[in-house]
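Below, chains carry the letters A, B, ... as their sequence lines are ordered, and counting in each starts from 1.
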Amino acid sequence: MTEPTRITPRTLKGFRDWPPETMIPRERLIETARRVYRSYGFSPIDTPALEYLEILSGKGSDETDKQLYKFQDHGGRWVGMRFDLTVPLARFAAQHVARLGTPLKRYHIATVWRGENTQRGRFREFMQCDFDTIGTISTAADVETALVIHDLMREIGFAEFTIRLNNRMVLTGLLERLSLADRAVAVLRALDKLGKIGPQAVAEEMVATAGATDEQARGVLRLAEISGDNDDVLRELGKLVEGNETGRNGAARLREVFKAVAAAGVPAERLRIDPSIARGLDYYTGTVYETLLDALPGIGSVCSGGRYDNLAAAFTSQELPGVGASLGLDRLLAAMEELGMVERVATPAPVFIPFFDKDRLHDYLRLAAALRASGIGVELYPDPKRLGQQLKYADRRGFRVALIAGGDEFASGVCQVKDLATGARQDVPLTSDAAELIIAVRKIL
RNA sequence: GUGGCUGUAGCUCAGUUGGUUAGAGCGCCAGAUUGUGGAUCUGGAAGUCGUGGGUUCGAGUCCCAUCAGCCACCCCA
């Protein structure tokens, strides 16, 4: 026998494996997102990972085109892997909205791919959890979007986070007043960096890359000088866009959204009107959202989104306004891990049955089946090894309860219920339906 | 894509101006303890020093390339 040539097992840059101890919390996060979305009436959809290249390219900024994974398929078609869930939604809506009707509320939890350089909390393959409301321009939908973000974060277990709100129309209005509207993209891109590089550097960038005058740059940066609580900011903002129709509407809408979100019970300290956030994506036109973790702002926004006037203009003449946001699941998970919020459990089932007596396999199988029938997850150890070893295994994996039954127990018709956290044991009568056992186990769980 | 830092056992790391058979802690496996885990003790397995070249009598150590991770730019979840 010659030694076979082995291939080094490895994963691509920016792509990762998910062993049980990371996949279990990841699935838990997905379940939470689903539950919250559904509670607001959003319905699930899915779309293909691969789309015709023409569907995907040219939809975001020129950057997204560069990051797009693209290739020719076996039939010579140019195809691309989706880099977000919004463009596929636009295509989906254009194709199906006639049948589905509006408002169309959908959520979409799926993997996306971006061929960009990796960093902490930044991968080439990652999961997004999008939710959008399409076909309405009502402020109610903007408000609901913020409420969903809030519920989502709270349900996931974050107490301290900040949803930053702005409205693109405020910025547009301001830029119109300053005669900078034609250079909006470059100006807003610079402005977006305010928190990171400071007003001085932002002004320099505006002059350098957007061709703004010093005076124009100063004008934009008056946004940054606004301080105080949310009400103060709103008031100042109003003054700044005075006399400009778009800006006034934007400020009014921002105020409306903010008031309604606060009225719906979101604590004021979770909300922050921030006139400097622009969001890079060009298609946002109204309210924009960004969510930062107070304990880890450096990892970036974990849930971002906004309102767009016309999502599917590239695909249909039908106007489809909408609003939505995207939870960056893998980034959030990376943050939670860093903050020690991820409990390392390697078993999804809470109950462990050691294979104690090698002649009692059938009894153990029946016992396990009875508990599963009542909705309790059970793992039966596959080998009749020493009990100590089996319990050690159960301990390592994080099982909560062990059901121990050997010759003594079977002889007296009981089963030992052991709480693995406390070590407490108790004998419970073993019946064919295991009713008392189930009650005893439930008490511990 | 550009620039900087890093890469030794499953994990965290040590490894002297290049010099014999590359070490530790934790973890893992076994035993002490043939029916009870988390503690202790004893023993054990495990590394082509990221990978491929080069310099050298000799490379974990120096040089180059490459792959991967982290950081910055850029952009974003």
- Query: Given that both distances must come in under 3.5 Å, which nucleotide forms a Watson-Crick or G-U wobble pair with B:U20?
  - Reply: none
- Message: Please tell me if A:Lys418 has a side-chain N or O lying less than 4.0 Å from either OP1 or OP2 of B:G37.
- Response: no
- Euclidean distance, atom CZ of residue A:Arg164 to atom P of B:A77 [Å, nearest integer]: 13 Å
- Message: Suppose we define a pair by two distances each less than 3.5 Å, Watson-Crick or G-U wobble; what does B:C11 pair with here?
- Response: B:G25
- Task: Identify the heavy atoms of A:Arg372 and A:Val378 that sit nearest to each other, and give their distance.
- Result: NH2-O, 3.0 Å
- Query: When you compare B:G25 with B:U42, how far apart are their P atoms, in angstrom units rounded to a whole number?
  - Reply: 11 Å
- Item | Least distance between heavy atoms, A:Arg82 atom then A:Thr111 atom | NE-O, 2.8 Å
- Shortest side-chain distance from A:Arg425, nucleotide among B:C74, B:G35, B:U36: B:U36
- Message: With rounding to the closest Å, how many angstrom separate the P atoms on B:A59 and B:G31?
- Response: 43 Å
- Of the nucleotides B:A68, B:U36, B:A77, which one has an atom closest to the side chain of A:Arg114? B:A77
- Provide the Watson-Crick or G-U wobble partner of B:A30, both distances under 3.5 Å; none if there is no partner. B:U42
- Task: Pick the P atom in B:U48 and in B:G10, then give their distance to the nearest Å.
- Result: 8 Å
- First of A:Glu116 and A:Arg120 reached from the 5' end of RNA chain B, by closest nucleotide: A:Arg120
- Expressed in whole Å, how much space separates the C1' atoms belonging to B:C57 and B:C64? 22 Å
- Item | Touch class at under 4.0 angstrom, heavy-atom based, for A:Ala421 against every strand present | base
- Message: Under 3.5 Å, is there any donor-acceptor pair linking the side chain of A:Arg331 to the base of B:C76?
- Response: yes
- Message: Between A:Glu144 and A:Lys105, does the salt bridge (Lys or Arg N to Asp or Glu O under 4.0 Å) criterion hold? Intermediate values first, please.
- Response: CA-CA 11 Å; A:Glu144 200 172 75; A:Lys105 293 174 73 170; 2.8 Å; yes
- Distance, rounded to the nearest Å, where A:Glu21 contributes CD and B:C11 contributes P: 12 Å
- Query: In terms of the nearest nucleotide of RNA chain B, which residue is placed more toward the 5' end: A:Asp395 or A:Lys385?
  - Reply: A:Lys385
- Identify whether any heavy atom of A:Asp408 sits under 4.0 Å from a base atom; if not, whether one sits that close to sugar-phosphate; answer base, sugar-phosphate or nothing. base
- Item | Candidate nucleotides B:A72, B:U36, B:G69, ranked by approach to the side chain of A:Glu409 - the nearest | B:U36
- Message: Please report the distance, rounded to the nearest Å, between CZ in A:Arg124 and C1' in B:G69.
- Response: 12 Å
- Message: When you measure only distances, ignoring hydrogens and angles, does the side chain of A:Gln390 come within 3.5 Å of the base of B:U36 through a donor and an acceptor?
- Response: no
- Message: Under a 3.5 Å threshold, yes or no: a donor from one side chain and an acceptor from the other, between A:Ser276 and A:Asn166?
- Response: no
- Check whether any side-chain N or O of A:Gln416 sits under 4.0 Å from OP1 or OP2 of B:G35, and answer yes or no. no
- For atom CD1 of A:Ile277 and atom P of B:C76, their distance in whole Å: 13 Å
- Taking the side chain of A:Arg396 as heavy atoms from C-beta outward, which of B:C29, B:U36, B:A77 is closest to it? B:C29
- Item | Distance between P atoms of B:U61 and B:G54 (Å, rounded) | 14 Å
- Item | Gap in Å between the two P atoms, one belonging to B:A24 and one to B:A45, rounded | 12 Å
- Could you tell me the separation between the CG atom of A:Asp17 and the C1' atom of B:G10, rounded to a whole number of Å? 14 Å
- Query: Under 4.0 angstrom, heavy atoms only, what part of the nucleic acid is A:Tyr393 near: base, sugar-phosphate, or nothing?
  - Reply: nothing
- Query: If the C1' atom of B:G4 is compared with that of B:C74, how far apart are they to the nearest Å?
  - Reply: 16 Å
- Which one is paired to B:G1, where only Watson-Crick or G-U wobble pairs with both distances under 3.5 angstrom count? B:C73
- Can you check the A:Gln119 CD to B:G1 P distance for me, whole Å? 15 Å
- Task: Using a heavy-atom cut-off of under 4.0 Å over every strand shown, decide if A:Gly14 touches base, sugar-phosphate, or nothing.
- Result: sugar-phosphate
- Message: Applying a 4.0 Å non-hydrogen cut-off, can you work out what A:Gly300 is touching in the nucleic acid: base, sugar-phosphate, or nothing?
- Response: nothing
- Message: Determine whether A:Arg26 and A:Asp330 satisfy the following criterion, salt bridge (Lys or Arg N to Asp or Glu O under 4.0 Å), listing intermediate values before the conclusion.
- Response: CA-CA 8 Å; A:Arg26 192 180 193 221; A:Asp330 291 326; 3.0 Å; yes
- Query: Contact class for A:Asp357 (heavy atom, under 4.0 Å): base, sugar-phosphate, or nothing?
  - Reply: nothing
- Item | Nucleotide forming a Watson-Crick or wobble pair with B:A65, both distances under 3.5 Å | B:U51
- Query: In the structure shown, which nucleotide is the Watson-Crick or G-U wobble counterpart of B:G58, with both distances under 3.5 Å?
  - Reply: none
- Message: In this structure, how many angstroms lie between the C1' atom of B:G69 and the NZ atom of A:Lys13, rounded?
- Response: 8 Å
- Message: Starting the side chain at C-beta, find the nucleotide from B:A77, B:C70, B:C74 nearest to A:Thr118.
- Response: B:C70
- Query: Taking all atoms of both residues into account, what is the closest heavy-atom pair of A:Pro382 and A:Phe355, and its distance?
  - Reply: O-CD1, 3.4 Å
- Run the numbers on A:Val428 and A:Val441 for side chain to side chain contact (heavy atoms under 4.5 Å, CB included), then give the verdict. CA-CA 10 Å; A:Val428 176; A:Val441 168; over 6 Å; no
- Using side-chain contact (heavy atoms from CB on, under 4.5 Å) as the criterion, point out the one residue from A:Ile277, A:Leu293, A:Leu292, A:Ile163 that pairs with A:Ser301. A:Leu292
- Rounded off to whole Å, could you give me the CG-to-C1' distance for the A:Leu89 and B:A77 pair? 17 Å
- Message: Between the base of B:G35 and the ring of A:Phe356 - centre-to-centre under 5.5 Å, planes within under 30° - is that a stack?
- Response: no
- Message: For the P atoms, the ones on B:A9 and on B:G43, what distance do you get once it is rounded to whole angstrom?
- Response: 24 Å
